[in-house]
Amino acid sequence: QPRSRGLGDVYKRQVYDRIVSEYLAFAAGLENPPAITCIPMSALNGDNVVEHSENMTWYGGPTFLEHLETVQVRQGESHEAARFPVQWVIRPMSDEYHDFRGYAGRAASGVFRVGDEVIAYPANRTTTITSIHTADGDKEETEPTLSYSLTLADEIDISRGDLIAKPIHPPQSSQEIEAMICWFSDKKMKPRGRYYLRHTTREVRAVVSEVRYKVDITTLKKQQDNPEFAMNDIGCVRLHCSQPLFFDAYAQNRITGSFVLIDEQTNATVAAGMIIGAVIDAEDPDAEVAI
C-alpha cells in the first residue's frame with residue numbers, strides 16, 4: 001500500500017502483471033476454471049474502486065464498481081433445463097376453491113409457460129401446466145429465481161421435495177452421488193458418517209460411502225492418504241442417500257447441483273456440496289444398513 005497519493009511509481013505495472021500471471025497459472029489447475037477479471041486497486045486510497053486511478057494510467061480495464069454493474073451474476077439460471085422444486089402444496093380450506101391444488105415454490109432455472117408439458121418427479125408422471133399464480137396475479141410464464149404456484153391438468157401425488165421439470169431436459173436421478181464438499185464444522189467428518197442431506201426443498205438421510213480425495217488448497221494437488229475432513233477442508237466424496245435425488249451437475253446448474261449436509265444430533269450445517277454426478281459403478285452393499 002502506498003503511504004501517500006500521487007506516487008505513481010508505487011503502482012508498478014510489472015508487479016501487477018506478475019501477480020496476474022501467477023494467479024492465472026494457479027487457477028488453471030481448477031477442474032472448472034471460472035471467468036477471471038483482474039483489477040489493480042487500492043481500497044485504502046480508492047484507486048480503481050469507483051473511478052479510474054490517476055496513479056495507474058497504464059490500466060485500461062473497468063473499475064471495481066463498473067465490473068460489479070456489468071458482470072453476469074445469474075449466468076446459467078435461465079438455460080433450457082427448466083427446474084421447479086416444490087416447496088408447498090396449496091389446498092385452500094374453502095368451498096369456493098375446494099378443487100384448487102397449487103404447487104408452490106421458487107423456479108430454479110429455465111422458463112415454464114402455461115400449456116407446457118412437464119414431468120413430476122419422483123412420480124414420473126407427465127401432465128401440463130394449466131395456470132401460473134403469483135401474489136401480483138396470474139402469469140403466462142415464469143422467471144428464474146422468482147416464486148410461483150403452478151396448477152397442473154392432472155391430479156398427481158406431489159409433495160414438498162418433489163421436482164417439476166420439462167421432459168426435453170430431464171434431471172439426473174440417483175441415490176449414489178459424487179460431490180465436492182467444503183467442511184464447516186470443528187467436528188471432523190469420517191468415512192461412514194451419517195448426515196441429513198438438504199437438496200433444494202428435498203431432505204434425505206445420507207451416509208459418506210467413500211472419501212475419494214482431499215484437495216491441498218495451496219497447490220490444488222489431490223491427497224488420498226487422509227480420509228478425515230477437518231474445518232475448511234475441501235475434497236471429493238461419494239454419498240449414498242436413503243431416497244433418490246433429482247439433480248443436475250453443479251457445473252450445469254448451481255441451484256439443483258448444490259446441497260448442504262446437516263449433523264443429525266446438533267442440526268448444525270456441517271458442509272456445503274457441489275454435485276459432480278451420479279455414481280455409475282456404485283457397489284456398497286452395506287450402505288442401506290448404515291442409513
Side-chain angles (χ1 to χ4, degrees), residues 19 22-36 38 73 75-76 108 172 174-291:
I19 294 173
E22 291 176 355
Y23 184 78
L24 292 180
F26 172 80
L30 298 171
E31 293 186 5
N32 296 294
I36 297 173
C38 298
V73 295
Q75 185 176 5
Q172 296 186 58
S174 179
Q175 287 182 251
E176 304 277 349
I177 63 170
E178 186 168 291
M180 296 295 297
I181 65 168
C182 178
W183 194 252
F184 296 156
S185 176
D186 55 3
K187 179 181 177 182
K188 290 185 177 181
M189 186 207 77
K190 297 181 180 180
R192 314 303 301 177
R194 295 185 294 271
Y195 305 94
Y196 287 115
L197 187 153
R198 187 169 295 164
H199 170 256
T200 62
T201 59
R202 192 172 184 83
E203 185 173 294
V204 299
R205 299 183 72 187
V207 61
V208 180
S209 58
E210 180 184 352
V211 175
R212 300 208 62 204
Y213 59 84
K214 290 168 58 177
V215 177
D216 185 334
I217 60 174
T218 60
T219 64
L220 299 182
K221 291 184 178 179
K222 298 177 181 179
Q223 301 174 331
Q224 297 177 317
D225 56 346
N226 185 2
E228 292 187 346
F229 275 63
M231 183 180 290
N232 295 328
D233 278 348
I234 297 173
C236 181
V237 300
R238 288 184 173 182
L239 298 164
H240 175 85
C241 303
S242 59
Q243 299 176 32
L245 297 180
F246 304 95
F247 61 89
D248 301 283
Y250 184 83
Q252 299 173 341
N253 192 316
R254 295 176 61 181
I255 297 178
T256 57
S258 60
F259 64 89
V260 295
L261 294 179
I262 300 170
D263 187 280
E264 290 183 323
Q265 297 178 338
T266 65
N267 207 36
T269 300
V270 295
M274 299 175 290
I275 300 175
I276 298 173
V279 179
I280 306 301
D281 58 344
E283 294 184 3
D284 190 10
D286 297 327
E288 294 286 352
V289 177
I291 289 181

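- Evaluation of the side-chain contact (heavy atoms from CB on, under 4.5 Å) rule for S258 yields Y250 as partners, not counting sequence neighbours.
- By the side chain to side chain donor-acceptor pair (under 3.5 Å) test, E228 pairs with no residue at all, sequence neighbours left out.
- For the atom pair CG of L261 and OG1 of T269, the computed distance is 9.0 Å after rounding to the nearest 0.5 Å.
- Under the rule for a side chain to side chain donor-acceptor pair (under 3.5 Å), the partners of D216 that lie at least two apart in sequence or sit in another chain are T218.
- Side-chain contact between R205 and Y196 is present, with at least one heavy-atom pair separated by less than 4.5 Å.
- Every residue two or more places apart in sequence or in another chain that forms a side-chain contact (heavy atoms from CB on, under 4.5 Å) with I19 is listed here: V15.
- Annotation: ring-ring contact (aromatic ring centres under 6.0 Å, His included) contacts of F246 (sequence neighbours excluded): Y121.
- When side chains are defined from C-beta on, I276 counts as touching C236, because their heavy atoms get closer than 4.5 Å.
- The 12-atom threshold is not exceeded at OH of Y23, counting heavy atoms of other residues, nucleotides or ligands nearer than 6.0 Å.
- Taking the ring axis of F229 as reference, the NZ or CZ atom of K188 does not stay both within 45° of it and closer than 6.0 Å to the ring centre.
- No hydrogens or angles considered: a donor-acceptor pair under 3.5 Å links the side chains of Q243 and R202.
- Other residues, nucleotides and ligands place more than 12 heavy atoms under 6.0 Å from the CG atom of L24.
- Residues that satisfy the side chain to side chain donor-acceptor pair (under 3.5 Å) test with T200, not counting sequence neighbours, are absent from this structure.
- In this structure, L197 and C241 have side chains that are in contact, with non-hydrogen atoms separated by less than 4.5 Å.
- By the 4.5 Å heavy-atom criterion applied to side chains, F247 and N253 are not counted as neighbours.
- Pairs engaging residues 174-195 under the ring pair (Phe, Tyr, Trp, His ring centres under 6.0 Å) rule: W183-Y195 [sequence neighbours left out].
- Qualifying side chain to side chain donor-acceptor pair (under 3.5 Å) partners for Y213, counting only residues two or more places apart in sequence or in other chains: E31.
- Formation of a donor-acceptor pair under 3.5 Å by the H199 side chain with backbone atoms of L245 is not found in this model.
- Every residue meeting the salt bridge (Lys or Arg N to Asp or Glu O under 4.0 Å) condition with E178, not counting sequence neighbours, appears here in chain and number order: R212, R238.
- In this view, Q265 and K187, D263 satisfy the side-chain contact (heavy atoms from CB on, under 4.5 Å) rule, not counting sequence neighbours.
- Using a 4.5 Å heavy-atom threshold, the side chains of C182 and M274 count as separate.
- Residues L220 and V215 have side chains in contact (heavy-atom distance under 4.5 Å, counting atoms from C-beta outward).
- In terms of the side-chain contact (heavy atoms from CB on, under 4.5 Å) criterion, residue partners of A268 (sequence neighbours excluded) are, by chain and number, T266.
- Looking at M189 and V211, their side chains come closer than 4.5 Å, going by heavy atoms from C-beta outward.
- Between I255 and A108 the shortest heavy-atom distance is CD1-O, 3.2 Å.
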